[in-house]
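Before any comments, here is the structure.
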Amino acid sequence: MEVVRSEFVPDASLSREEMEDLQREIAETAVFADDLHVDPARICGDGDGPATDTDQTSLDAVGAGERDGTPADDPPLVAGVDQAFVDDHAVSAIVLLRDGEVVERVHAVEPAEIPYIPGLLSFREGTAILAAFDALEREPDIALVDGSGRIHFREAGIATHVGVTLDLPTVGVAKNLLCGTPRESLDRKLPQGARVAIEADADVETAEHGTRIGDAVQTRQFENSDRYVNPLIVSPGHRVSADTAADVVLACAAGYKLPEPTRLADQYADDVKSEVREELD
DNA sequence: GCGACAG
DNA sequence: ATCTTGTCGC
C-alpha cells in the first residue's frame, strides 16, 4: 500500500525542532477515535486456526463490514509490524494475518540515518516501515505497530506517525511506558485481561492533563506463581479509540505476552536480520 | 545541574 | 534495539 500524506513521510535530515514541529502537525491530523471497519470480536488470535461459527456470534459494534470493499463475512486483515537492526541498517518486517493465519509477509531493509532518540523513534525506523508497507500487496484493516502511538510527548509516536502517513488504522504496542501516568500502580500482579488507563501528565505537552491516552493491557499472566508478567502499553495510533486499541490487542492475544501479529513480525524480523547479517560481508 | 525517556 | 548461557518454572 502507498503513502497518502507525503508531507508526513519521516525525513531524517530534518533538525530536531523540525521533527518535533512535524509531530505536532501529525498529532493534529491524527484521529484518536474509531474510524475503521474492524470488529475486535471477529479477530481470531487464539492460534487455533480459522474461527468456527460459534466464534462469530458478536454484533458489529463498530460497524464491521458496512463499507464498500471489504466483504462483511470476511474476518479482518490484521498486520503486525516490528523492527530489528543490523549495524546501521533497520529491518522492518510486516506479517499480515486473517483469522489467525498468515496470509502475507514482507520486509524491507533501509539504512538507519539517525540514532535512537526518545520521542523521535519514527525518524529512525519510519523509512524502513514505509518501504515494507509499500511492498505489501494487500491493504490491512488495521496494523499493530511496536512502539507507542498517542502515548508520546507530542501525541505522535511511531504508530501514529505511520498511521497518519498511510491513513491506516493503527495501534501502538509497547513493552515500556514512554510517558504519562498510570491511573493505578502497575507494580503489582494484574489479572489477565486487565486494563489500567494511562493519563496525560506534564510530559505530554499537547494534551490536557488527565486525558486518557492509552492503557496498560495484561495480555498474559501466570496463575499459580508468585512471579508476574508486566503489562503491555497500548495506545491509539490513528483512527482507533483507546478502548478499541485495547480490545484489538486482547483479541489478538494467543497465550503469549505479545499479540500474534506483533509476535510473528518479531520472529520474522529476527530471521531477516540473520540473513542480512551475512550479506554484510 | 538532575532526572527521564518507545526501540 | 543489541551483546548472550544457563536456568527456574509451568
Side-chain angles (χ1 to χ4, degrees), chain A residues 10 12 16 19-20 23 26-27 30 80-94 107-130 132 143-163 170-182 186 189 192 198 200-206 213-217 220-238 245 249 255-259 262-263 265-274 276-277 280:
Chain A
R16 177 164 187 153
M19 290 180 179
E20 297 183 348
Q23 292 183 323
I26 289 168
V81 186
D82 188 49
Q83 277 66 241
F85 294 86
V86 182
D87 285 352
D88 280 16
H89 290 278
V91 173
S92 180
I94 300 179
H107 68 84
V109 181
E110 293 289 329
E113 313 275 24
I114 61 173
Y116 164 67
I117 300 172
L120 298 178
L121 184 64
S122 60
F123 290 90
R124 172 171 166 75
E125 309 184 343
T127 302
I129 294 178
L130 293 180
L144 305 189
V145 182
D146 79 302
S148 270
R150 193 182 186 183
I151 294 179
H152 179 271
F153 308 124
R154 292 164 292 281
E155 295 180 279
I158 194 165
T160 299
H161 196 148
V162 170
T170 56
V171 172
V173 180
K175 300 174 197 64
N176 296 290
L177 188 60
L178 173 62
C179 60
T181 304
L186 299 181
K189 187 171 186 172
Q192 193 164 310
I198 304 297
D201 56 22
D203 290 338
V204 185
E205 55 186 60
T206 55
I213 53 179
D215 294 87
V217 178
R220 178 192 177 179
Q221 191 53 281
F222 295 142
E223 291 301 328
N224 310 309
S225 174
D226 298 314
R227 294 278 302 157
Y228 62 87
V229 179
N230 294 129
L232 284 177
I233 305 301
V234 178
S235 60
H238 180 46
V249 169
Y256 296 90
K257 173 170 174 172
L258 292 178
T262 297
R263 193 176 71 82
D266 195 86
Q267 286 185 351
Y268 184 41
D270 275 336
D271 294 341
V272 175
K273 182 176 63 177
S274 301
V276 172
R277 170 178 284 157
L280 293 176

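Order of the sequence lines sets the chain letters (A, B, ...), proteins ahead of strands, with each chain counted from 1.
Read 5' to 3', the first and last nucleotides of DNA chain C with an atom closer than 4.0 Å to a heavy atom of chain A are C:dA1 to C:dC10.
The main-chain N or O of A:Ile114 is found under 3.5 Å from a side-chain atom of A:Arg124 such that the two form a donor-acceptor pair. In this structure, A:Gln192 contributes its side chain and A:Gln221 its backbone to a donor-acceptor pair below 3.5 Å. Judged purely by atom type and a 3.5 angstrom limit, A:Asp201 uses its side chain to pair as donor or acceptor with the backbone of A:Asp203.
Note: OH (A:Tyr116) to P (B:dG7) measures 7 Å, nearest angstrom. Separating the CG atom of A:Leu177 from the P atom of B:dC5 is a distance of 8 Å, rounded to the nearest angstrom. What separates NE2 of A:His152 from P of B:dA6 is a distance of 11 Å, to the nearest Å. Rounded to an integer number of Å, the gap from CD of A:Glu110 to P of B:dG7 is 22 Å. Taking atom CD1 on A:Ile198 and atom C1' on B:dA6, their separation rounds to 13 Å, with Å as the unit. Spacing between atom CE of A:Met19 and atom P of B:dC5 amounts to 22 Å, rounded to whole angstrom units. To the nearest angstrom, P of B:dA6 lies 11 Å from CD1 of A:Ile233.
The phosphate of B:dC5 has neither OP1 nor OP2 within less than 4.0 Å of any side-chain N or O from A:Asn176.
Listed candidates were B:dA6, B:dC5, B:dG7. Nearest to the side chain of A:Phe153 is B:dC5.
The OH atom of A:Tyr116 sits 9.0 Å away from the CD atom of A:Glu125 when rounded to the nearest 0.5 Å. Annotation: the span from A:Phe123 atom CZ to A:Ile158 atom CD1 amounts to 10.0 Å, rounded to 0.5 Å. For the atom pair NE2 (A:His161) and CD (A:Gln23), the distance works out to 7.5 Å, reported to the nearest 0.5 Å.
Of all heavy-atom pairs between A:Lys273 and A:Ala84, the closest is CD-CB, 4.0 Å.
A:Leu120 comes within 4.0 angstrom of a nucleotide base, judged by non-hydrogen atoms across all strands. Using a 4.0 Å heavy-atom distance criterion, A:Asp203 is classed as making no nucleic acid contact. At the heavy-atom level, A:Ile151 lies nowhere under 4.0 Å from the strands shown.
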Dot-bracket for DNA chain C, 5' to 3', with Watson-Crick and G-U pairs under 3.5 Å, [ ] for crossing pairs and | for other-strand pairs: what is it?
..........
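The residue among A:Phe222 and A:Gln83 whose nearest nucleotide of DNA chain C is located toward the 5' end is A:Gln83.
Residue A:Phe222 places its CZ atom among more than 12 non-hydrogen atoms of other residues, nucleotides or ligands, all under 6.0 Å distant.
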Can A:Asp146 and A:Thr262 be said to form a side chain to side chain donor-acceptor pair (under 3.5 Å), step by step?
CA-CA 7 Å; A:Asp146 79 302; A:Thr262 297; over 6 Å; no
